[in-house]
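See structure below.
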Amino acid sequence: MDDQTRMMTGLTGLGGLQQADVGDPDSVRKQQSLGQPQQDIGDILQQIMAITDESLDEAQARKHALNCHRMKPALFSVLCEIKEKTVLSIRGVQEEDPPDPQIMRLDNMLLAEGVSGPEKGGGSAAAAAAAAAAGGSPTDSSIEHSDYRAKLAQIRQIYHSELEKYEQACSEFTNHVMNLLREQSRTRPISPKEIERMVAIIHRKFSSIQMQLKQSTCEAVMILRSRFLDARRKRRNFNKQATEVLNEYFYSHLSNPYPSEEAKEELAKKCGITVSQVSNWFGNKRIRYKKNIGKFQEEANLYAVKTAVDAANVSAQASQANSPATPNSGGYPAPCYTPDGRL
DNA sequence: ACCTATGATTGCAC
DNA sequence: GTGCAATCATAGGT
């Protein structure tokens, strides 16, 4: 700014352009012979334009010459005035950027997945929860879990190193541009506001690159997750003995086929599966039985007989009288069977 | 290759 | 949190 005010005071010196020591003998000759201010300004402008076509050394020399020129302050102030006017029109275009919802979504997701934010918790916790829900043998889930964690850590590491690289590049580039503009502000009018705007533009550009990084990181996490979930979906049928144990419980508790937490734990232990798998099994069984009782009739009869026989054996062993097989008071409909086990 | 059975997941209601 | 209902995806049988 002080540059500009200084230049304004020099505006009165337009007349003294006769001796233009700008290093071009041709123009000097022309200026000297013509001696007209208008022509002089034209020449100087032409020289300024010609700088871009010259070698660096030549240009430096010419720049220095221009900087030392008596007319420089005057021209500078004129440029300042013009600039002031154009800045007004630019100001309308300039908009303060609101927080991008897209980038906020990505940030939230990366935070939730444990990619950004603190090292512990987040993703590993999510993986642990997922692994816990997965069921299956504990070894399997722990292998999947650690695999998932390792992959997530890899993504996390790449993300952070890339982000750091971008941030470094951004600050380096910003510094470079700012230095360049400061340097240039000696020869052309550049207000701090303009520098600020340029910095903002650079930051916007880099943040759009960052958004791409965030986007691709999110994609990678989603793919990893879906693979992990797919792995969980890979199921194996329970072994025959486990199914038998579960069916026995189900049909002997047909009036109320809702095992308690303790019962579930016991069944899980007996069958070599998790409690949640027991819950899943009962959930599936109840709904499928209810939907098509006819289809399960045979199975129901089979297990009813089995239970009855077992009970009879137990009671015989205990030298006791007959035992009730299935107390059925208003739960799921009991199968129709004769005491000897036939339909 | 197709069909059925079955374990797992998801969305919803309570 | 639990159970229901619908659905997905795979295992296993033909």
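Reminder, nothing fancy here: chain letters follow the sequence lines and each chain counts from 1.
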Round to a whole Å and report the spacing from [atom1] of [X] to [atom2] of [N].
| X | N | atom1 | atom2 | answer |
| --- | --- | --- | --- | --- |
| A:I287 | B:dG11 | CD1 | P | 18 Å |
| A:K285 | B:dA5 | NZ | P | 11 Å |
| A:N292 | B:dT6 | CG | P | 12 Å |
| A:K240 | B:dT6 | NZ | C1' | 16 Å |
| A:E244 | B:dT6 | CD | P | 13 Å |
| A:L246 | B:dT6 | CG | P | 12 Å |
| A:F238 | B:dA5 | CZ | C1' | 13 Å |
| A:W281 | B:dA5 | CH2 | P | 15 Å |

ask   = Within a reach of under 6.0 Å around CD of A:E266, are more than 12 heavy atoms found that belong to other residues, nucleotides or ligands?
value =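 Check fails, neighbour count at 12 or below.
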ask   = Under 4.0 Å: is that the gap between some side-chain N or O of A:Y258 and OP1 or OP2 of C:dG1?
value =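 Negative; the distance criterion is not met.
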inquiry  = I want to check one thing: is the phosphate of B:dG7, taken as OP1 and OP2, less than 4.0 Å away from some side-chain N or O of A:N280?
reply    =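 Answer no for this pair, as no side-chain N or O of A:N280 is under 4.0 Å from OP1 or OP2.
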query = Any donor-acceptor pair under 3.5 Å between the side chain of A:R236 and the base of C:dG12?
reply =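 Absent.
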ask   = Does A:N284 make a side-chain donor-acceptor contact with the base of B:dA8, cut-off 3.5 Å?
value =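 Between B:dA8 and A:N284, which were checked side chain against base, a qualifying N/O pair under 3.5 Å is present.
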message = For A:K291 and A:E261, find the nucleotide of DNA chain C closest to each by heavy atoms; which residue's nucleotide sits nearer the 5' end?
response =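 Here A:E261 is the residue nearer the 5' end.
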query = Between A:F282 and A:R288, which has a closest nucleotide on DNA chain C that is more 5'?
reply =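 Residue closer to the 5' terminus by nearest nucleotide: A:F282.
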query = Charged N to carboxylate O below 4.0 Å: is that the case for A:K285 and A:E299?
reply =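 Salt bridge present between A:K285 and A:E299.
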query = Is there side-chain contact between A:E167 and A:L163, with at least one heavy-atom pair below 4.5 Å?
reply =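 In short, these two side chains touch, coming nearer than 4.5 Å.
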inquiry  = Just so I know, are the side chains of A:H203 and A:C170 near enough to count as touching, which here means a heavy-atom distance under 4.5 Å?
reply    =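 Yes, at least one pair of side-chain atoms sits under 4.5 Å.
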query = Strictly under 6.0 Å, is that where the ring centroids of A:F296 and A:Y251 end up?
reply =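 Centroid distance A:F296-A:Y251: not below 6.0 Å, so no.
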